[in-house]
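Report on the following structure.
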Amino acid sequence: MPTRRKHTKKTRKPRGNRKPVKQKQLTPGEWFEKLVGVQARLRAPNGCPWDREQTHQSLRTYLIEEAYEVLEALESGNDDKFVEEMATCSCRLFFIRRSPAKKAVSRWPR
């Protein structure tokens, strides 16, 4: 009976004498600017059709869902999960706020 050969991962030799590139730590303001840039690309004429179609009302369901996930994480006592869900909810709020808005809500800068 033939024996099966075990598949082993071949290790690659590094090319040249490259060192890993250390990335700069971004400030909160720089992260915010990146977030603004992502949304601008998504809503641009050649961006994502789904994102361009969204309104405050159409995004309502997603915000409610995120809020429940925050509450579940809070009740679980898992701080890491809570922080993750708060970040997701914050991003959702940001995207809702910067969606095509009614004038009454346009107090934040665009």
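Values in this document were obtained by computation on a predicted structure and should not be read as measured data. Counting begins at 1 with the first residue of the sequence.
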Show me the donor-acceptor pairs, under 3.5 Å and distance only, between side chains in residues 67-76 and residues at least two apart or in other chains.
from: Ser76; atom 1: OG; to: Ala73; atom 2: O; distance (Å): 2.7
from: Ser76; atom 1: OG; to: Asn78; atom 2: N; distance (Å): 3.1

Show me the side-chain donor-acceptor pairs of residues 79-94 shorter than 3.5 Å, one per line, residues at least two apart or across chains.
from: Lys81; atom 1: NZ; to: Glu85; atom 2: OE2; distance (Å): 3.1
from: Thr88; atom 1: OG1; to: Glu84; atom 2: O; distance (Å): 3.0
from: Ser90; atom 1: OG; to: Met86; atom 2: O; distance (Å): 2.8

Anything under 3.5 Å between a donor and an acceptor, one on a side chain of residues 33-42, the other on a protein residue two or more places apart or in another chain? List them.
from: Gln39; atom 1: OE1; to: Arg98; atom 2: NE; distance (Å): 3.2
from: Gln39; atom 1: NE2; to: Phe95; atom 2: O; distance (Å): 3.2

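Applying the side-chain hydrogen bond (donor to acceptor under 3.5 Å, both in side chains) rule to Thr61 yields no partners; only residues at least two apart in sequence or on another chain are considered. Residues forming a ring-ring contact (aromatic ring centres under 6.0 Å, His included) with Trp50 (at least two apart in sequence, or on another chain): Tyr62.
Taking OG1 of Thr55 as the reference point, atom CD1 of Ile96 lies at 9.5 Å (rounded to 0.5 Å). For the atom pair CZ of Arg52 and CG of Asn46, the computed distance is 8.0 Å after rounding to the nearest 0.5 Å.
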